[in-house]
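The structure presented is a predicted model; accordingly, all values stated were derived computationally and were not measured. Atom set for the values below is all heavy atoms of this structure, side chains included, hydrogens, waters and symmetry mates excluded.
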Amino acid sequence: DAASVLALHSVREAPRLSLRRRVIETEISKSHLQRIFKQNRILPFKPKFRHTLEEGDEAKRLNFCLEMGNRVLNDVRFHKRILFSDESTFSTNIVVSSQHCRAVSYTNGIIGPYFFKENLNRNTYLEMLQHFLTDKLDELPLSYRTRMFFQQDGCPAHHAVTVRNWLNSEFNEHWIGSDGPILWPPRSPDLTKLDFYVWGRLKQIVYREPLENDEEQLKTRIQNAVKSLSIEEIRNSFNEFRARIEICAEKGGALFE
């Protein structure tokens with residue numbers, strides 16, 4: 001049934017998620033999840049964190065949050081001009097037919113999804129930037145585009161020299177990344193709105209009804225889910241980003257969830 005598909009997909013995407021948190025993210029009752037886990041011989045557990053930091057990460061997170069906070073103080077709309085980008089995997093079931101897609105979120109909507117035909121690497125990522133993203137950015141008002149900041153995380157494909165050269169050419173000093181003019185802190189999915197809100201929300205919608213083992217149906221579901229997100233909830237997620245950098249700074253860069 002639909003609940004089983006969603007629960008099993010949730011386990012694949014986040015195997016270390018606590019049962020309590022999985023109940024919240026999937027909107028499936030605790031007792032129903034426990035039955036699904038028992039039927040599929042899955043043993044739930046409760047880790048301390050969904051992700052961990054390495055030595056030096058807290059200082060990098062703190063520096064990033066302080067810089068973001070200062071920029072927002074000087075320009076209250078700064079965080080709303082960040083184009084957050086990220087990849088996620090959607091599957092028709094727990095083992096086969098996956099779709100790797102990318103989305104870019106900005107204050108008035110989401111650019112994408114873009115579906116990778118091959119595994120993500122520096123070449124497929126650069127192709128997406130040069131063709132898909134460039135075309136979509138051309139549709140935005142010039143006044144917005146010239147002031148926006150592009151964000152990407154520390155995925156290995158993002159580190160390529162060709163990728164960084166393209167970003168420098170396209171955005172000049174207006175991009176955020178692990179090797180960018182503004183340094184994105186490693187192991188910080190809790191600070192990007194696509195990770196802490198958008199992907200989870202989209203997957204709730206996509207897996208609300210049972211899926212056949214059909215990639216085209218999966219793509220259509222994802223596209224329709226993106227279209228269903230309201231401008232209000234996307235804008236609210238930008239406010240959540242601002243709140244998160246403030247909390248992270250107060251915690252000295254430590255994890256806070």
Side-chain angles (χ1 to χ4, degrees), residues 59-88 102-114 128-129 132-155 158 163-164 166-186 188-202 225-253 255-257:
K60 294 175 182 177
R61 284 164 57 88
L62 176 60
N63 288 339
F64 172 77
C65 292
L66 291 176
E67 178 170 358
M68 291 295 100
N70 288 333
R71 286 177 179 267
V72 171
L73 284 176
N74 293 327
D75 178 358
V76 294
R77 296 188 58 82
F78 170 79
H79 61 298
K80 296 183 178 181
R81 293 198 303 275
I82 299 175
L83 277 72
F84 289 94
S85 69
D86 194 31
E87 295 91 15
S88 187
R102 185 173 185 84
V104 177
S105 180
Y106 68 107
T107 187
N108 285 327
I110 292 179
I111 297 174
Y114 176 88
M128 183 279 297
L129 292 174
F132 175 78
L133 183 61
T134 298
D135 289 344
K136 294 299 181 181
L137 294 182
D138 286 341
E139 299 173 5
L140 299 179
L142 183 61
S143 59
Y144 181 87
R145 181 173 177 177
T146 56
R147 302 182 68 195
M148 67 189 179
F149 285 74
F150 179 79
Q151 178 273 339
Q152 62 177 19
D153 62 20
C155 171
H158 305 165
V163 170
R164 284 182 278 139
W166 185 87
L167 291 172
N168 286 327
S169 174
E170 184 71 18
F171 294 101
N172 196 11
E173 298 293 306
H174 284 205
W175 66 278
I176 304 168
S178 56
D179 294 308
I182 300 177
L183 296 176
W184 178 258
S188 297
D190 54 333
L191 298 180
T192 169
K193 60 193 295 295
L194 283 156
D195 267 312
F196 69 67
Y197 179 75
V198 175
W199 291 130
R201 176 67 177 133
L202 290 177
V226 169
K227 292 176 183 178
S228 73
L229 296 183
S230 68
I231 296 297
E232 181 180 5
E233 62 183 318
I234 293 173
R235 289 178 176 172
N236 286 341
S237 67
F238 275 89
N239 295 330
E240 174 71 9
F241 167 73
R242 181 174 179 178
R244 282 171 176 258
I245 61 173
E246 292 175 354
I247 295 172
C248 186
E250 290 172 359
K251 298 290 185 179
L255 295 173
F256 53 89
E257 289 186 311

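- Using modelled atom types, no side-chain atom of Asp195 and backbone atom of Leu191 make a donor-acceptor pair closer than 3.5 Å.
- For Tyr197 and Phe241, the ring centers are positioned 6.0 Å apart or more.
- Side chain of Gln152 to backbone of His158: a donor-acceptor contact under 3.5 angstrom is found.
- By the 4.0 Å N-to-carboxylate-O rule, Arg145 lies close enough to Asp138 to be salt-bridged with it.
- By the 4.5 Å heavy-atom criterion applied to side chains, Phe149 and Phe171 are not counted as neighbours.
- Residues Phe150 and Tyr106 are not in side-chain contact: their nearest non-hydrogen atoms beyond the backbone lie 4.5 Å or more apart.
- Between Phe132 and Ile111, the closest side-chain pair of non-hydrogen atoms falls below 4.5 Å.
- Although no hydrogens or angles enter the test, the distance criterion places no donor-acceptor pair under 3.5 Å between the side chain of Arg61 and the main chain of Ser188.
- Two residues are said to be in side-chain contact when any heavy atoms from C-beta on lie closer than 4.5 Å; Glu240 and Phe196 meet this criterion.
- The shortest side-chain heavy-atom distance between Met68 and Ile82 falls under the 4.5 Å cut-off.
- Looking only at distances, no side-chain donor or acceptor of Ser105 sits under 3.5 Å from a matching main-chain atom of Ser85.
- When side chains are defined from C-beta on, Glu250 does not count as touching Phe256, because their heavy atoms never get closer than 4.5 Å.
- Put simply, the side chain of Pro186 reaches to within 4.5 Å of the side chain of Lys60, judged on heavy atoms.
- Judged by distance alone, the side chain of Ser228 and the main-chain N or O of Ala225 form a donor-acceptor pair under 3.5 Å.
- Formation of a donor-acceptor pair under 3.5 Å by the Asp75 side chain with backbone atoms of Arg71 is not found in this model.
- Between Lys193 and Ile234 there is a side-chain heavy-atom pair separated by less than 4.5 Å.
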